[in-house]
Amino acid sequence: MSGSVIIDKKRPIYYYNRIITIDGISYGTGIHCIMTGDNKELINFIKKHDYKKSPDFYRCLMLYAISKKEENMEVSYNNRYGYR
């Protein structure tokens with residue numbers, strides 16, 4: 001699965017993708033979370049999130065939920081490999 005994003009140079013974005021490592025090789029999970037830099041919910045999450053007490057997967061789900069609320073942002077997934 002791959003994803004693409006068009007970045008507006010005048011409007012900064014945050015791009016979060018959970019990375020897992022298996023046998024020394026790191027992979028993106030395919031869950032792309034894109035948010036604008038002025039997203040108040042994201043800024044509040046970054047300030048208040050307890051990174052030591054929360055598992056990475058929880059953080060991934062929370063950021064995914066925040067990113068789904070973003071207006072005017074869309075992630076396109078290419079998951080058509082042609083296998084039958």
Side-chain angles (χ1 to χ4, degrees):
M1 183 181 290
S2 64
S4 61
V5 62
I6 297 172
I7 299 172
D8 181 352
K9 293 180 181 179
K10 296 177 184 177
R11 190 174 186 198
I13 63 166
Y14 285 93
Y15 186 90
Y16 179 86
N17 187 8
R18 187 167 178 251
I19 298 174
I20 58 172
T21 302
I22 301 170
D23 294 331
I25 301 171
S26 297
Y27 302 90
T29 61
I31 301 173
H32 306 283
C33 304
I34 299 173
M35 296 150 279
T36 57
D38 59 356
N39 182 314
K40 292 179 183 179
E41 189 175 358
L42 172 65
I43 293 167
N44 189 44
F45 179 85
I46 291 170
K47 287 180 181 179
K48 295 184 177 184
H49 180 68
D50 188 343
Y51 290 86
K52 291 183 180 181
K53 292 184 179 179
S54 298
D56 292 339
F57 189 64
Y58 169 80
R59 181 172 36 258
C60 182
L61 292 176
M62 292 302 296
L63 290 169
Y64 178 73
I66 293 170
S67 74
K68 293 300 286 182
K69 297 176 191 175
E70 263 305 333
E71 295 181 9
N72 302 318
M73 289 285 219
E74 182 178 322
V75 177
S76 297
Y77 295 99
N78 177 12
N79 59 0
R80 297 180 185 174
Y81 294 104
Y83 296 112
R84 293 175 194 228

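Each of I19 and I22 belongs to its own hydrophobic cluster when Ile, Leu, Val, Met, Phe, Trp and Tyr are linked at side-chain heavy-atom distances under 4.5 angstrom. I46 and M62 fall within a single hydrophobic cluster, where Ile, Leu, Val, Met, Phe, Trp and Tyr are joined by side-chain heavy atoms under 4.5 Å apart, directly or via other members.
Two residues are said to be in side-chain contact when any heavy atoms from C-beta on lie closer than 4.5 Å; S67 and I34 fail this criterion. For the pair T36/N39, a side-chain contact is recorded, criterion being any heavy-atom separation below 4.5 Å from C-beta on. A heavy-atom distance below 4.5 Å is not found between the side chains of Y14 and L63.
Interatomic distance, CD of E41 versus CD of E70, reported as 9.5 Å (0.5 Å rounding). Taken to the nearest 0.5 Å, the CG atom of N44 stands 7.5 Å off from the NZ atom of K47. Note that CZ of R59 and CG of D50 are 9.5 Å apart. Values are rounded to the nearest 0.5 Å. Here Y16 contributes atom OH and M35 contributes atom CE; the two are 9.0 Å apart, rounded to the nearest 0.5 Å.
Listed here is the closest heavy atom pair of C33 and C60: SG-O, 4.4 Å.
By the 30° and 60° cut-offs, the orientation of the rings of H49 relative to F45 is parallel.
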